[in-house]
2 protein chains.
Amino acid sequence: MRTYGQYCAVAKALDVVGDRWTLLIIRELLLRGACRYTDLRDGLPGIATNLLADRLRDLEEAALAAREEAPPPIATTLFRLTERGAQLAPVLKALGAWGAPLMEKAQRDEEFRGHWLALPVATYLRDHTPDRPPVSIQVNVADEAVVVETADGTVRARPGTAPDPDATLTGAPPVVIGLFVGRLSLAQARARGLRVEGGVGALRRLGIS
Amino acid sequence: MRTYGQYCAVAKALDVVGDRWTLLIIRELLLRGACRYTDLRDGLPGIATNLLADRLRDLEEAALAAREEAPPPIATTLFRLTERGAQLAPVLKALGAWGAPLMEKAQRDEEFRGHWLALPVATYLRDHTPDRPPVSIQVNVADEAVVVETADGTVRARPGTAPDPDATLTGAPPVVIGLFVGRLSLAQARARGLRVEGGVGALRRLGIS
DNA sequence: CCGGATCCGGGTTGATACTG
DNA sequence: CAGTATCAACCCGGATCCGG
(Lines give C-alpha, C1' and ligand atoms only; values in the text may rest on other atoms or scores of the structure.)
Protein backbone atom coordinates (compact mmCIF):
# COMPACT_ATOMS: atom_id res chain seq x y z
CA MET A 1 0.00 0.00 0.00
CA ARG A 2 1.29 3.37 -0.98
CA THR A 3 1.16 5.82 1.88
CA TYR A 4 1.90 9.48 2.38
CA GLY A 5 3.87 8.74 5.52
CA GLN A 6 2.42 11.71 7.35
CA TYR A 7 1.06 11.64 10.87
CA CYS A 8 -2.04 13.61 9.93
CA ALA A 9 -5.64 12.45 9.96
CA VAL A 10 -6.34 13.75 6.45
CA ALA A 11 -3.26 12.07 5.00
CA LYS A 12 -4.13 8.83 6.76
CA ALA A 13 -7.69 8.96 5.47
CA LEU A 14 -6.35 9.50 1.96
CA ASP A 15 -3.95 6.60 2.44
CA VAL A 16 -7.05 4.42 2.70
CA VAL A 17 -9.59 6.01 0.35
CA GLY A 18 -7.45 8.34 -1.77
CA ASP A 19 -6.77 5.91 -4.60
CA ARG A 20 -8.45 6.48 -7.88
CA TRP A 21 -12.00 5.00 -8.02
CA THR A 22 -12.10 4.08 -4.34
CA LEU A 23 -14.49 6.80 -3.23
CA LEU A 24 -16.69 6.20 -6.25
CA ILE A 25 -16.96 2.53 -5.35
CA ILE A 26 -18.01 3.59 -1.89
CA ARG A 27 -20.54 5.94 -3.45
CA GLU A 28 -22.08 3.00 -5.28
CA LEU A 29 -22.21 0.81 -2.20
CA LEU A 30 -23.71 3.64 -0.17
CA LEU A 31 -26.37 4.43 -2.73
CA ARG A 32 -27.34 0.91 -3.67
CA GLY A 33 -26.53 -1.17 -0.63
CA ALA A 34 -25.30 -4.69 -1.22
CA CYS A 35 -24.20 -5.06 -4.84
CA ARG A 36 -23.06 -7.76 -7.16
CA TYR A 37 -19.73 -7.28 -8.92
CA THR A 38 -21.56 -6.73 -12.18
CA ASP A 39 -23.87 -4.13 -10.69
CA LEU A 40 -20.88 -2.25 -9.39
CA ARG A 41 -19.21 -2.34 -12.74
CA ASP A 42 -22.33 -1.01 -14.38
CA GLY A 43 -22.64 1.79 -11.81
CA LEU A 44 -19.01 2.76 -12.37
CA PRO A 45 -18.82 3.35 -16.11
CA GLY A 46 -15.22 3.64 -17.19
CA ILE A 47 -13.64 1.46 -14.53
CA ALA A 48 -11.43 -1.37 -15.69
CA THR A 49 -12.52 -4.69 -14.34
CA ASN A 50 -9.12 -5.47 -12.87
CA LEU A 51 -9.14 -2.18 -11.00
CA LEU A 52 -12.56 -2.92 -9.58
CA ALA A 53 -11.37 -6.31 -8.40
CA ASP A 54 -8.21 -4.73 -6.91
CA ARG A 55 -10.11 -2.00 -5.11
CA LEU A 56 -12.66 -4.38 -3.69
CA ARG A 57 -9.82 -6.43 -2.26
CA ASP A 58 -8.27 -3.28 -0.81
CA LEU A 59 -11.56 -2.22 0.71
CA GLU A 60 -11.99 -5.65 2.21
CA GLU A 61 -8.51 -5.56 3.71
CA ALA A 62 -9.16 -2.11 5.15
CA ALA A 63 -12.44 -3.45 6.59
CA LEU A 64 -14.51 -0.86 4.77
CA ALA A 65 -16.39 -3.47 2.78
CA ALA A 66 -17.16 -7.14 3.09
CA ARG A 67 -18.18 -9.80 0.67
CA GLU A 68 -20.87 -12.28 1.49
CA GLU A 69 -22.09 -15.32 -0.36
CA ALA A 70 -25.79 -15.07 -0.94
CA PRO A 71 -27.77 -18.21 -0.06
CA PRO A 72 -28.48 -20.86 -2.75
CA PRO A 73 -31.55 -19.43 -4.52
CA ILE A 74 -29.46 -16.43 -5.54
CA ALA A 75 -26.02 -18.01 -5.40
CA THR A 76 -23.95 -14.95 -6.07
CA THR A 77 -21.42 -12.82 -4.28
CA LEU A 78 -22.56 -9.59 -2.73
CA PHE A 79 -20.42 -6.70 -1.64
CA ARG A 80 -21.56 -4.37 1.08
CA LEU A 81 -20.07 -1.64 3.22
CA THR A 82 -19.11 -2.24 6.79
CA GLU A 83 -20.15 0.32 9.35
CA ARG A 84 -16.74 1.91 9.13
CA GLY A 85 -17.13 2.20 5.39
CA ALA A 86 -20.58 3.69 5.71
CA GLN A 87 -19.13 6.38 7.94
CA LEU A 88 -17.60 7.88 4.84
CA ALA A 89 -21.02 9.26 3.93
CA PRO A 90 -20.17 12.76 5.26
CA VAL A 91 -17.06 12.83 3.11
CA LEU A 92 -19.07 12.02 0.00
CA LYS A 93 -21.69 14.56 0.95
CA ALA A 94 -19.10 17.27 1.37
CA LEU A 95 -17.50 16.35 -1.94
CA GLY A 96 -20.87 16.27 -3.66
CA ALA A 97 -21.87 19.63 -2.25
CA TRP A 98 -18.58 21.13 -3.36
CA GLY A 99 -18.87 19.56 -6.78
CA ALA A 100 -22.50 20.53 -7.39
CA PRO A 101 -21.60 23.82 -9.16
CA LEU A 102 -19.56 21.79 -11.64
CA MET A 103 -22.78 20.16 -12.83
CA GLU A 104 -23.99 23.29 -14.56
CA LYS A 105 -22.20 22.75 -17.81
CA ALA A 106 -24.22 20.31 -19.82
CA GLN A 107 -22.37 17.05 -20.10
CA ARG A 108 -21.13 15.72 -23.39
CA ASP A 109 -20.28 12.08 -23.66
CA GLU A 110 -20.68 11.77 -19.93
CA GLU A 111 -22.27 8.76 -18.39
CA PHE A 112 -25.23 9.00 -16.08
CA ARG A 113 -27.04 6.52 -13.88
CA GLY A 114 -30.41 7.26 -12.39
CA HIS A 115 -29.53 6.07 -8.92
CA TRP A 116 -26.90 8.80 -8.67
CA LEU A 117 -29.87 11.07 -8.13
CA ALA A 118 -30.04 9.77 -4.59
CA LEU A 119 -27.05 11.87 -3.64
CA PRO A 120 -28.42 15.34 -4.46
CA VAL A 121 -31.85 14.25 -3.26
CA ALA A 122 -30.52 13.35 0.17
CA THR A 123 -28.36 16.47 0.30
CA TYR A 124 -30.76 19.13 -0.93
CA LEU A 125 -34.32 17.94 -0.35
CA ARG A 126 -36.23 17.95 2.91
CA ASP A 127 -39.77 16.95 3.73
CA HIS A 128 -41.20 20.16 5.09
CA THR A 129 -44.42 18.64 6.43
CA PRO A 130 -43.41 15.19 7.66
CA ASP A 131 -46.68 14.79 9.61
CA ARG A 132 -48.73 14.45 6.48
CA PRO A 133 -48.91 11.11 4.69
CA PRO A 134 -45.81 10.20 2.68
CA VAL A 135 -45.58 11.11 -0.97
CA SER A 136 -43.73 9.46 -3.80
CA ILE A 137 -42.50 11.00 -7.02
CA GLN A 138 -41.53 8.94 -9.98
CA VAL A 139 -38.61 10.28 -11.96
CA ASN A 140 -37.79 8.99 -15.41
CA VAL A 141 -34.33 10.01 -16.46
CA ALA A 142 -31.74 8.49 -18.74
CA ASP A 143 -33.93 5.46 -19.39
CA GLU A 144 -33.92 4.62 -15.72
CA ALA A 145 -36.86 4.84 -13.36
CA VAL A 146 -36.21 6.27 -9.92
CA VAL A 147 -38.64 6.84 -7.10
CA VAL A 148 -38.18 9.79 -4.76
CA GLU A 149 -40.15 9.34 -1.58
CA THR A 150 -40.48 10.85 1.85
CA ALA A 151 -39.67 8.79 4.89
CA ASP A 152 -39.94 10.30 8.40
CA GLY A 153 -38.65 13.74 7.55
CA THR A 154 -35.95 12.74 5.11
CA VAL A 155 -36.16 12.17 1.40
CA ARG A 156 -34.77 9.13 -0.33
CA ALA A 157 -34.32 8.04 -3.89
CA ARG A 158 -34.25 4.42 -5.00
CA PRO A 159 -34.26 2.68 -8.35
CA GLY A 160 -37.63 1.34 -9.40
CA THR A 161 -41.15 2.47 -10.05
CA ALA A 162 -43.94 3.65 -7.78
CA PRO A 163 -47.35 1.98 -8.12
CA ASP A 164 -49.33 5.20 -7.81
CA PRO A 165 -46.99 8.21 -7.70
CA ASP A 166 -48.21 11.64 -6.61
CA ALA A 167 -46.27 13.15 -9.46
CA THR A 168 -44.12 12.00 -12.36
CA LEU A 169 -41.14 13.89 -13.76
CA THR A 170 -39.46 13.15 -17.05
CA GLY A 171 -36.47 15.05 -18.36
CA ALA A 172 -32.80 15.17 -19.12
CA PRO A 173 -30.32 14.59 -16.28
CA PRO A 174 -29.05 18.22 -16.04
CA VAL A 175 -32.61 19.50 -15.83
CA VAL A 176 -33.73 17.05 -13.17
CA ILE A 177 -30.59 17.61 -11.13
CA GLY A 178 -30.80 21.38 -11.56
CA LEU A 179 -34.32 21.20 -10.20
CA PHE A 180 -33.31 19.08 -7.23
CA VAL A 181 -30.34 21.20 -6.21
CA GLY A 182 -32.37 24.39 -6.50
CA ARG A 183 -30.51 25.85 -9.46
CA LEU A 184 -33.63 25.70 -11.61
CA SER A 185 -37.16 26.65 -10.68
CA LEU A 186 -39.99 24.41 -11.79
CA ALA A 187 -40.84 26.90 -14.53
CA GLN A 188 -37.25 27.01 -15.74
CA ALA A 189 -37.04 23.25 -15.72
CA ARG A 190 -40.24 23.03 -17.74
CA ALA A 191 -38.82 25.50 -20.22
CA ARG A 192 -35.90 23.12 -20.60
CA GLY A 193 -38.04 20.17 -21.46
CA LEU A 194 -39.13 18.76 -18.10
CA ARG A 195 -42.48 17.02 -18.31
CA VAL A 196 -44.55 17.05 -15.15
CA GLU A 197 -47.57 14.83 -14.61
CA GLY A 198 -49.69 14.85 -11.48
CA GLY A 199 -49.98 17.57 -8.89
CA VAL A 200 -47.21 19.94 -7.97
CA GLY A 201 -48.22 19.73 -4.30
CA ALA A 202 -45.89 16.78 -3.76
CA LEU A 203 -43.06 18.80 -5.32
CA ARG A 204 -43.72 21.88 -3.22
CA ARG A 205 -43.61 19.73 -0.15
CA LEU A 206 -39.95 18.93 -0.91
CA GLY A 207 -39.15 22.57 -1.48
CA ILE A 208 -39.43 22.40 -5.25
CA SER A 209 -41.40 25.20 -6.86
CA MET B 1 -6.77 16.18 -17.35
CA ARG B 2 -7.93 12.70 -16.62
CA THR B 3 -11.61 12.59 -15.86
CA TYR B 4 -14.07 9.96 -14.73
CA GLY B 5 -16.53 11.02 -17.40
CA GLN B 6 -19.49 10.70 -15.08
CA TYR B 7 -22.25 13.23 -14.68
CA CYS B 8 -22.14 13.05 -10.89
CA ALA B 9 -21.13 15.77 -8.45
CA VAL B 10 -18.80 13.49 -6.51
CA ALA B 11 -17.05 12.28 -9.63
CA LYS B 12 -16.69 15.84 -10.90
CA ALA B 13 -15.27 16.98 -7.59
CA LEU B 14 -12.78 14.13 -7.73
CA ASP B 15 -11.91 15.07 -11.30
CA VAL B 16 -10.61 18.33 -9.86
CA VAL B 17 -9.19 17.40 -6.46
CA GLY B 18 -8.89 13.63 -6.64
CA ASP B 19 -5.31 13.46 -7.87
CA ARG B 20 -2.66 12.31 -5.48
CA TRP B 21 -1.33 15.12 -3.25
CA THR B 22 -3.91 17.66 -4.38
CA LEU B 23 -6.03 17.65 -1.22
CA LEU B 24 -2.91 17.71 0.94
CA ILE B 25 -1.68 20.82 -0.86
CA ILE B 26 -5.04 22.39 -0.16
CA ARG B 27 -4.69 21.35 3.47
CA GLU B 28 -1.42 23.25 3.65
CA LEU B 29 -2.84 26.37 2.04
CA LEU B 30 -5.88 26.25 4.29
CA LEU B 31 -3.84 25.83 7.45
CA ARG B 32 -1.08 28.27 6.69
CA GLY B 33 -2.62 30.82 4.35
CA ALA B 34 -0.38 32.26 1.67
CA CYS B 35 2.71 30.12 1.31
CA ARG B 36 5.96 30.18 -0.54
CA TYR B 37 6.83 27.21 -2.71
CA THR B 38 9.47 26.16 -0.24
CA ASP B 39 7.10 26.36 2.69
CA LEU B 40 4.67 24.14 0.85
CA ARG B 41 7.38 21.63 0.09
CA ASP B 42 8.38 21.56 3.71
CA GLY B 43 4.79 21.11 4.84
CA LEU B 44 4.32 18.22 2.42
CA PRO B 45 7.12 15.83 3.32
CA GLY B 46 7.47 13.18 0.67
CA ILE B 47 6.22 15.15 -2.30
CA ALA B 48 8.46 15.34 -5.34
CA THR B 49 9.21 18.88 -6.38
CA ASN B 50 8.01 18.35 -9.94
CA LEU B 51 4.70 17.02 -8.65
CA LEU B 52 4.28 20.04 -6.42
CA ALA B 53 4.91 22.33 -9.38
CA ASP B 54 2.49 20.31 -11.54
CA ARG B 55 -0.25 20.34 -8.94
CA LEU B 56 0.10 24.06 -8.29
CA ARG B 57 -0.32 24.67 -11.98
CA ASP B 58 -3.40 22.45 -12.02
CA LEU B 59 -4.87 24.24 -9.01
CA GLU B 60 -4.26 27.57 -10.69
CA GLU B 61 -5.97 26.41 -13.87
CA ALA B 62 -8.92 25.13 -11.88
CA ALA B 63 -9.06 28.51 -10.10
CA LEU B 64 -8.67 26.92 -6.69
CA ALA B 65 -5.39 28.70 -6.01
CA ALA B 66 -3.64 31.77 -7.28
CA ARG B 67 -0.06 32.91 -7.27
CA GLU B 68 0.87 36.42 -6.40
CA GLU B 69 4.16 38.21 -6.51
CA ALA B 70 4.90 39.74 -3.16
CA PRO B 71 6.01 43.40 -3.27
CA PRO B 72 9.74 44.29 -3.45
CA PRO B 73 10.86 44.06 0.18
CA ILE B 74 9.89 40.40 0.15
CA ALA B 75 10.23 39.66 -3.55
CA THR B 76 8.95 36.13 -3.60
CA THR B 77 6.06 34.21 -5.04
CA LEU B 78 3.16 33.39 -2.78
CA PHE B 79 0.47 30.82 -3.34
CA ARG B 80 -2.92 31.23 -1.78
CA LEU B 81 -6.34 29.63 -2.09
CA THR B 82 -9.12 31.34 -3.93
CA GLU B 83 -12.51 31.44 -2.28
CA ARG B 84 -13.57 28.44 -4.29
CA GLY B 85 -10.53 26.57 -3.07
CA ALA B 86 -11.18 27.53 0.52
CA GLN B 87 -14.65 26.06 0.21
CA LEU B 88 -13.02 22.66 0.31
CA ALA B 89 -12.58 23.07 4.06
CA PRO B 90 -15.67 20.93 4.85
CA VAL B 91 -14.25 18.13 2.70
CA LEU B 92 -10.98 18.19 4.61
CA LYS B 93 -12.82 18.33 7.91
CA ALA B 94 -14.92 15.32 7.00
CA LEU B 95 -11.83 13.43 5.87
CA GLY B 96 -9.95 14.40 9.01
CA ALA B 97 -12.80 13.36 11.25
CA TRP B 98 -13.05 10.03 9.49
CA GLY B 99 -9.30 9.53 9.64
CA ALA B 100 -8.90 10.48 13.29
CA PRO B 101 -9.27 6.88 14.55
CA LEU B 102 -6.33 5.94 12.33
CA MET B 103 -4.09 8.17 14.44
CA GLU B 104 -4.17 5.84 17.42
CA LYS B 105 -1.36 3.60 16.34
CA ALA B 106 1.84 5.35 17.20
CA GLN B 107 3.58 6.43 14.05
CA ARG B 108 6.93 5.02 13.01
CA ASP B 109 9.00 6.88 10.48
CA GLU B 110 6.08 9.18 9.88
CA GLU B 111 6.57 12.85 9.38
CA PHE B 112 4.85 15.42 11.51
CA ARG B 113 4.49 19.19 11.31
CA GLY B 114 3.25 21.24 14.22
CA HIS B 115 0.85 23.32 12.18
CA TRP B 116 -1.09 20.18 11.29
CA LEU B 117 -2.43 20.47 14.83
CA ALA B 118 -4.69 23.24 13.58
CA LEU B 119 -6.95 20.69 11.96
CA PRO B 120 -7.93 18.65 15.05
CA VAL B 121 -7.95 21.83 17.11
CA ALA B 122 -10.54 23.44 14.85
CA THR B 123 -12.53 20.22 14.61
CA TYR B 124 -12.60 19.09 18.21
CA LEU B 125 -12.07 22.11 20.48
CA ARG B 126 -14.62 24.76 21.41
CA ASP B 127 -14.34 27.76 23.69
CA HIS B 128 -17.00 27.01 26.28
CA THR B 129 -16.96 30.45 27.90
CA PRO B 130 -16.33 32.88 25.04
CA ASP B 131 -17.36 35.88 27.17
CA ARG B 132 -14.28 35.68 29.33
CA PRO B 133 -11.01 37.17 28.11
CA PRO B 134 -9.21 35.12 25.46
CA VAL B 135 -6.64 32.55 26.45
CA SER B 136 -3.61 31.26 24.64
CA ILE B 137 -1.85 27.95 25.06
CA GLN B 138 1.61 27.36 23.78
CA VAL B 139 2.24 23.89 22.43
CA ASN B 140 5.73 22.62 21.78
CA VAL B 141 5.67 19.53 19.65
CA ALA B 142 8.08 18.02 17.17
CA ASP B 143 10.47 20.94 17.56
CA GLU B 144 7.79 23.34 16.38
CA ALA B 145 6.04 25.97 18.45
CA VAL B 146 2.31 26.34 17.95
CA VAL B 147 -0.08 28.66 19.71
CA VAL B 148 -3.64 27.57 20.38
CA GLU B 149 -5.86 30.52 21.14
CA THR B 150 -9.51 31.37 21.52
CA ALA B 151 -11.12 33.85 19.16
CA ASP B 152 -14.83 34.67 19.49
CA GLY B 153 -16.06 31.23 20.33
CA THR B 154 -13.80 29.25 18.07
CA VAL B 155 -10.34 27.91 18.71
CA ARG B 156 -7.45 28.37 16.32
CA ALA B 157 -3.93 27.11 16.09
CA ARG B 158 -1.12 28.97 14.39
CA PRO B 159 2.62 28.49 14.17
CA GLY B 160 4.63 30.70 16.48
CA THR B 161 5.02 31.52 20.13
CA ALA B 162 2.81 33.36 22.61
CA PRO B 163 4.36 36.17 24.66
CA ASP B 164 2.66 35.20 27.91
CA PRO B 165 0.71 31.95 27.47
CA ASP B 166 -1.84 30.82 30.04
CA ALA B 167 -0.44 27.32 29.76
CA THR B 168 2.34 25.51 27.97
CA LEU B 169 2.20 21.93 26.75
CA THR B 170 5.17 19.88 25.64
CA GLY B 171 4.93 16.33 24.40
CA ALA B 172 5.06 13.86 21.58
CA PRO B 173 2.66 14.30 18.64
CA PRO B 174 0.41 11.29 19.40
CA VAL B 175 0.01 12.43 22.98
CA VAL B 176 -0.83 16.03 22.11
CA ILE B 177 -3.23 14.97 19.38
CA GLY B 178 -4.80 12.31 21.58
CA LEU B 179 -5.42 15.01 24.15
CA PHE B 180 -6.96 17.37 21.62
CA VAL B 181 -9.29 14.84 20.02
CA GLY B 182 -10.45 13.62 23.42
CA ARG B 183 -8.95 10.17 23.23
CA LEU B 184 -6.67 10.88 26.17
CA SER B 185 -7.51 12.60 29.43
CA LEU B 186 -5.07 15.12 30.84
CA ALA B 187 -3.95 12.53 33.38
CA GLN B 188 -3.41 9.91 30.70
CA ALA B 189 -1.48 12.36 28.58
CA ARG B 190 0.70 13.24 31.54
CA ALA B 191 1.36 9.58 32.12
CA ARG B 192 2.56 9.42 28.54
CA GLY B 193 5.07 12.16 28.96
CA LEU B 194 3.10 15.36 28.46
CA ARG B 195 4.60 18.27 30.39
CA VAL B 196 2.15 20.95 31.51
CA GLU B 197 3.20 24.36 32.75
CA GLY B 198 0.80 27.04 33.91
CA GLY B 199 -2.77 26.61 35.02
CA VAL B 200 -5.11 23.94 33.77
CA GLY B 201 -7.97 26.46 33.76
CA ALA B 202 -7.20 27.47 30.20
CA LEU B 203 -7.26 23.80 29.19
CA ARG B 204 -10.57 23.09 30.92
CA ARG B 205 -12.04 26.01 29.08
CA LEU B 206 -11.44 24.22 25.80
CA GLY B 207 -12.94 21.02 27.15
CA ILE B 208 -9.61 19.42 28.03
CA SER B 209 -9.45 17.80 31.42
C1' DC C 1 -24.07 -14.64 -17.35
C1' DC C 2 -20.95 -14.06 -13.13
C1' DG C 3 -16.55 -12.87 -11.07
C1' DG C 4 -12.81 -12.19 -11.92
C1' DA C 5 -7.29 -13.12 -13.85
C1' DT C 6 -3.82 -11.97 -17.15
C1' DC C 7 -1.30 -9.34 -20.34
C1' DC C 8 0.29 -5.21 -22.45
C1' DG C 9 0.94 -0.22 -23.87
C1' DG C 10 1.00 4.20 -22.21
C1' DG C 11 0.62 7.65 -18.69
C1' DT C 12 1.69 9.10 -13.94
C1' DT C 13 4.52 9.24 -10.03
C1' DG C 14 8.74 9.61 -7.37
C1' DA C 15 13.79 10.35 -6.63
C1' DT C 16 17.53 12.84 -7.84
C1' DA C 17 20.21 16.19 -10.14
C1' DC C 18 20.54 20.50 -11.91
C1' DT C 19 19.62 25.63 -12.98
C1' DG C 20 18.47 30.85 -13.39
C1' DC D 1 14.02 30.49 -3.98
C1' DA D 2 11.37 28.29 -7.39
C1' DG D 3 11.27 25.54 -10.05
C1' DT D 4 13.08 22.00 -14.81
C1' DA D 5 15.08 17.83 -16.62
C1' DT D 6 15.66 13.19 -16.60
C1' DC D 7 14.68 8.51 -15.92
C1' DA D 8 13.08 4.29 -13.57
C1' DA D 9 9.23 2.18 -11.44
C1' DC D 10 4.71 1.81 -10.86
C1' DC D 11 -0.18 2.30 -11.82
C1' DC D 12 -4.06 2.69 -14.92
C1' DG D 13 -7.05 1.46 -18.72
C1' DG D 14 -8.37 -1.65 -22.37
C1' DA D 15 -8.69 -6.03 -24.22
C1' DT D 16 -8.83 -10.68 -23.82
C1' DC D 17 -9.44 -14.97 -21.64
C1' DC D 18 -11.18 -18.40 -18.23
C1' DG D 19 -13.39 -21.42 -14.69
C1' DG D 20 -17.96 -21.95 -12.56
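None of these values were measured; they are calculated from a predicted model.
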Revision key, fill the gap. Heavy atoms of Arg20(B) and Arg55(B) approach each other most closely as O-NE, 2.9 Å
Practice item. Can you tell me the distance, in whole Å, between the CG atom of Leu56(B) and the P atom of dC1(D)? Key: 16 Å
With a cut-off of 3.5 Å and sequence neighbours excluded, list every side-chain donor-acceptor pair involving residues 162-169 of chain B.
from: Asp166(B); atom 1: OD2; to: Ser136(B); atom 2: N; distance (Å): 2.8

**Study point:** Length of the CZ-P vector between Phe79(B) and dA2(D), whole Å
**Key:** 7 Å
Taking only N/O atoms, report every protein-nucleotides 15-20 of chain D pair under 3.5 Å with atom names and distance.
none

Pairwise N/O distances under 3.5 Å, protein to nucleotides 18-20 of chain C:
none

Point to revise | Given dC2(C), dG4(C), dC1(D), the nucleotide with the shortest approach to the side chain of Thr76(B) | key: dC1(D)
Practice item. Give a yes or no on whether a salt bridge exists between Glu110(A) and Lys12(B), defined as a side-chain N under 4.0 angstrom from a carboxylate O. Key: yes
Check your understanding: Can Thr49(A) and Tyr37(A) be counted as having a side-chain donor-acceptor contact under 3.5 angstrom?
Key -> yes
Check your understanding: Given axes from five pairs at either end, by how many degrees does the helix from dC1(C)-dG20(D) to dG20(C)-dC1(D) bend, rounded to 10°?
Key -> 30°
Check your understanding: Is there a donor-acceptor contact under 3.5 Å from the side chain of Gln188(B) to the main chain of Ser185(B)?
Key -> yes
Review point. Does Arg57(B) put a side-chain nitrogen or oxygen below 4.0 Å from OP1 or OP2 of dT4(D)?
Key: yes
Review point. Roughly how many Å is it from CD in Glu69(B) to C1' in dC1(D), rounded to a whole number?
Key: 12 Å
Study note, to complete from the structure: Rounded to whole Å, the CG-C1' distance (Asp54(A) to dG14(D)) equals 14 Å
Check your understanding: What is the distance from CG of Asp15(B) to P of dT12(C), rounded to the nearest Å?
Key -> 14 Å
Exercise for review: Using salt bridge (charged side-chain N to carboxylate O under 4.0 Å, His left out) as the criterion, list what pairs up with Asp39(B), not counting sequence neighbours.
Suggested key: Arg36(B)
Point to revise | Residues in ring pair (Phe, Tyr, Trp, His ring centres under 6.0 Å) contact with Tyr124(B), at least two apart in sequence or another chain | key: none
Check your understanding: What's the shortest heavy-atom distance between Leu23(B) and Leu95(B), and which atoms?
Key -> CD1-CD1, 3.9 Å
Review point. Does a nitrogen or oxygen in the side chain of Arg67(A) sit under 4.0 Å from OP1 or OP2 of dG4(C)?
Key: yes
Study note, to complete from the structure: Residues passing the salt bridge (charged side-chain N to carboxylate O under 4.0 Å, His left out) test with Arg190(B), sequence neighbours excluded, are none
Review point. Given atom CG of Leu51(A) and atom P of dT12(C), what is their separation to the nearest angstrom?
Key: 15 Å
Point to revise | Qualifying side chain to side chain donor-acceptor pair (under 3.5 Å) pairs, either residue in residues 142-158 of chain A, two or more places apart | key: Glu149(A)-Arg158(A)
Check your understanding: What residues form a ring pair (Phe, Tyr, Trp, His ring centres under 6.0 Å) with Trp98(A), not counting sequence neighbours?
Key -> none
**Study point:** Counterpart residues, salt bridge (charged side-chain N to carboxylate O under 4.0 Å, His left out), relative to Glu68(B) (two or more places apart)
**Key:** Arg80(B)
Practice item. Pull out every residue in residues 19-44 of chain B that has a heavy atom closer than 4.0 Å to any atom of DNA chain C, ordered by number, or say none. Key: Arg20(B), Trp21(B)
Point to revise | Check: Tyr7(A) side chain, Met103(B) main-chain N or O, donor-acceptor pair, under 3.5 Å | key: yes
Review point. Which pairs pass salt bridge (charged side-chain N to carboxylate O under 4.0 Å, His left out) with one or both residues in residues 82-99 of chain B, sequence neighbours excluded?
Key: none
Review point. To the nearest angstrom, how far is Glu60(B) atom CD from dA2(D) atom C1'?
Key: 13 Å
Check your understanding: Could you give the CG-to-P distance, from Leu52(B) to dC1(D), as a whole number of Å?
Key -> 14 Å
Exercise for review: Would you mind telling me which residue lines up with the more 5' stretch of DNA chain D, Arg2(A) or Gly46(A), judged by nearest nucleotide?
Suggested key: Arg2(A)
